[in-house]
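Excluded from the calculations below are hydrogen atoms, water molecules and symmetry mates; all remaining heavy atoms, backbone and side chain alike, are included. These figures come from a predicted structure and were not determined experimentally. Throughout, a chain's letter reflects where its sequence line sits, starting with A, and its residues are numbered from 1.
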Amino acid sequence: MLPHLDRKLWRDLGHMKGQAVAVALVMACGLTMLIMARSLIYSLESTRDEYYRAHRFAEVFAYLKRAPLSLVERVRAIPGISAAQPGISVQVTLDIPGLDEPASGNVRSLPDFGEPELNRLFLRRGQWLQPGKRREVLVSEAFADANKLQPGHQIALLLNGRRQDFRVAGIVLSPEFIFESRPGAALPDNRTYGVFWMPYEELAYAFDLYGAFNSLTLKLEPGASERAVIAALDPLLEPFGGRGAFGRADHPSHIRVLDEIGVLRTLSIAFPIVFLSVAAFMTNAVLSRLLNLQREQIAILKAFGFGNRQIVLHYLKFAFVMVAGGTVLGSIGGYFQGQQLVKMYHLFFRFPELAFRLDRSAFVVALFVSAFAAVVGVFGAVRRAAKLPPADAMRPEPPANYRPALLERTGISHLLSHSFRIAVRNLERRPVQAFFTVAGLALATGIMIVPNCFRDSVTHVLGFQWDVVQRQDITVGLIEPGNRRAQHAFAHLPGVLAVEPLRSAFARISFQHRHRQIGIQGQPRAAQHSRVVAKGNTQIALPSDGIVVSSKLAEVLGAKIGDELHVEFLEGKRLVRDVTLLGLAEDLAGISAYMELDGLNRLMGEGDVVTGASFTIDAAHKADFLRALKTVPRIGWVAIKESLRENFAKTTAASINLIQMIYLVFATVVAFGVVYNNARISLAERSRELATLRVIGFSQGEVGAVLVTELVLLALCAVPLGLLLGTGFATAIVTQVNTETVRLPLVFTTHNFAFAVMVVTIASTLSGLLVLRRLNQLNLVGALRAPE
Amino acid sequence: MNSSSDNPPATARSQVFRARGLTKVYGSGDAEVRALAGVDLDLRAGELVVLLGPSGSGKTTLLNMLGGLDVPTDGELAYRDLDLTHATDPQLTRYRRDSVGFIFQFYNLIPSLTARENVGLITEIARDPMAPEAALEMVGLSPRLDHFPAQLSGGEQQRVAIARAIAKRPEVLLCDEPTGALDVRTGIVVLEAIERVNRELGTLTVIITHNAVMADMADRVIHFSDGRVHHIHENASRARPDSLKW
Ligand SMILES: Nc1ncnc2c1ncn2[C@@H]1O[C@H](COP(=O)(O)OP(=O)(O)OP(=O)(O)O)[C@@H](O)[C@H]1O
Ligand SMILES: [Mg+2]
């Protein structure tokens, strides 16, 4: 049989179920996010690791110009290498029927017989390449999906300038392309860039590379030092045009997955902390009020010999029931939410199978964290109650000390209505209560700011990246560096309004012991297309010597303005130079380094070299332009701003917005919960007093006016405070999204603030109405009875 | 009827409480209140004592000390071998749990528990309790077992409180104005219940009241004023509660 104290527990809880549910819901929101985010992290990490293991993802990667296959034996002799896979990797141009713009791609070789040792493919649809059968390719899934390619379809590749038709044998995935994007591009466009695999022999003949390789991937022995292997490998490849080997930490696809996990990790901590703090606060408010109402009951329990421990436990159980409710709800919520969200990752990550995997340890963490929050929230109050000397508790609370409110003493009291005066006096008389209400409303307001700040930041990125920074419509890259003449040809294409040359040079930039391999962008001094923008959206005029880098890159390298960066060019004459860091660019995606075009060429010891150009196009002639572009030889790739923007909006922005929507719903739930809870508590604490007002002749309307006036006064204090608080929350959380692939700027809009105020106002109004309805049911007789 | 006839003479009973120079001071400095100013008192097993005195004379304070709800500032107070002046909190809790039953003016039932459960709450932690139903039977509330306090009249609630206090068979029953909130008829019903418990279970019973008429039902009447025992009056015989007139 249930102990009697527990029966009391359940009946009391039944009595305050609205509030208990509100607390449990807020807690559930926090836990849903915690469990969802942790499970997504677990799903991504474990799926990725299994994929890497099963498909033997390499650990060291190197590209070079051309080396004989015999070199591989010498590579294998380097200590610490357990497997080496040479191959061919070339950039090609494609012709996709129905696609206006030229597409480009990366074609890679597969051994003519048997599976590759490293980076094995996963066949999604269709068939593997048949030995001896020619004119067949395997196509990456992201590209195939974007262009609706199926096994059996034909596709035209321009191999070394010769157009050839290929049959799509199968659609595949590669552990090297979980995230598939053109090298150097911060944002993917799967429609115009794809990865293809062909037999070694066929590819080698097409590019005059038979008996040679230009890409190499390695797997290390357990415990081997990547650093040491790369140090031994680079001199070996250098004579063959090696561009510097790198590890997984520099692998574009790997970094993207890592970054995504990093963002999730932040969210899995930051959001639950905010929500659970609110829940802890609410638990405290609910229990403090309960203890206040039950002073006499506590005294009775003590008078009859219940010990402090039993009483503390009894009241902690109230909190634990809410925790348990919140944990169950949160677990269910996290499970289903996670299952929905994991589908979103299919948008940009390609795994053979990415199933939602529940992180069971998250439950334990959830239970522990929420129980901790609840105990922190209530322990003080409960202990105070237990400490209450029983004889004291038996006495009703001392009568309140009423006096004219501050406002009245200012001498304008005759201007104030009766209800207003009572309301003001009440607030002054119960400063702690007023504080709790203000804090609750402020939290509710603050929590609304965060998700919309996310949305506004993403919108800003979309606008900033493409309207302020990238003013060109189309960017074109050459297969091989060319000279200014190429630019001349570009200028004569139909519909061109302006053209600017650009040059990209692959280099390893290092400062002290940190380094990154990236393409240094050379462009005109004050480019009108790809503008380099500093803090405050002012354009940086590129100096003729010296370098400007993304502030994120400077952070990664640990360098500051004025430092000498060590630049090893990995192409051309492969010069090694020290360049002064002269400026920081506030770009929001990827990490970049910028130099003035002529300065870059000078530094590389080269003349008038360009690798591409950017265009602004007369919109009316866009189709003509693209058609003409398809006929220009040696075009490696084409990036159309609108497609990129659309693509970004469909993937990254969509995912952030989805998360933002979920959080917005949660924040709204919390705002309502807090406000409702506050209104209920203040009604419960005051029912006796309000009933007295009614008994001595106040009308229902007048009593209601007292309550409403109080609520409005408190809200007026709380809302500005809440906006401030929300700004703080959002700053703390949004600035955490700061990875090498994407950074969110902190953007606060009046729309955001107005929305928060509106939600809290609506919630307050509804809660107010609910409470007013209860006021009608106020039991005048009951409220005036002797204390039970 | 002289209901004390089946009890041994008061002086022959064993001593339960012994107070010497018992003092309780609230506050300090200007706000200092001497609620008890040196009380000397002995209370014996099984007797029924009525405590009379003007408002503010310290009656409730004394009762709280006796029941272990509060500790004295000075003086000695012992319950049998237990020194209540220096008892620790767990000792006091134990003492209240095993030996004391309280009845208050405002009943102080737990509103979320029924009559039966209010009693059961206490018997659950007691050493040698009677069944809650039996305790409620003694106060004539068998038909109201499963009613919540809000569904009971004041007198009925007070009788539940009595049942709750006696169900653990306490050695001491402490009542602070048990009829203060009740009308005459109901007051008599409540007093009868208390008297019956005192008689049948031999419980030392202390009743605080403002109603001098109730003095007639006591073995001894202690007159209290200014935090001291003014004088003690011993009744030759106890009057039955239903014969009291007020
Ligand atoms: N917690 C306290 N703090 C300060 N003074 C107190 C406290 N409790 C009691 N007193 C004071 O001690 C004195 C005795 O109080 P007590 O409650 O014992 O009187 P009483 O005889 O029971 O009065 P009544 O018949 O009105 O109940 C009073 O003057 C009272 O104001
Ligand atoms: Mg009193």
Side chain / backbone / both / neither for [X] at chain A, heavy atoms under 4.5 Å:
| X | answer |
| --- | --- |
| B/Ala165 | both |
| B/Arg164 | both |
| B/Asn118 | neither |
| B/Leu121 | both |

### Task
Given salt bridge (Lys or Arg N to Asp or Glu O under 4.0 Å), test B/Glu124 with B/Lys168 step by step and report yes or no.
CA-CA 9 Å; B/Glu124 213 167 61; B/Lys168 61 167 126 167; over 6 Å; no

### Query
With side chains defined as the heavy atoms from C-beta onward, is the minimum distance between B/Glu117 and A/Lys8 less than 4.5 Å?
no

### Beyond-backbone contact of B/Ser112 with A/Arg7, side-chain heavy atoms, under 4.5 angstrom
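SC-SC contact between B/Ser112 and A/Arg7 ruled out.
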
### Message
If only side-chain N and O atoms count, and only distance matters, is there a donor-acceptor pair under 3.5 Å linking B/Asp83 with B/Thr85?
### Response
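A pair is found: one side chain offers a donor N or O, the other an acceptor, under 3.5 Å apart.
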
### Query
Can the ring centres of A/Phe304 and A/Phe306 be said to be less than 6.0 Å apart?
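No, the ring of A/Phe304 stays outside the 6.0 Å limit from the ring of A/Phe306, centre to centre.
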
#### Entry: chain B interface, residue from A/Gln294, A/His15, A/Lys302 that has the most non-hydrogen pairs under 4.5 Å
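Top count of heavy-atom pairs under 4.5 Å with chain B: A/Lys302.
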
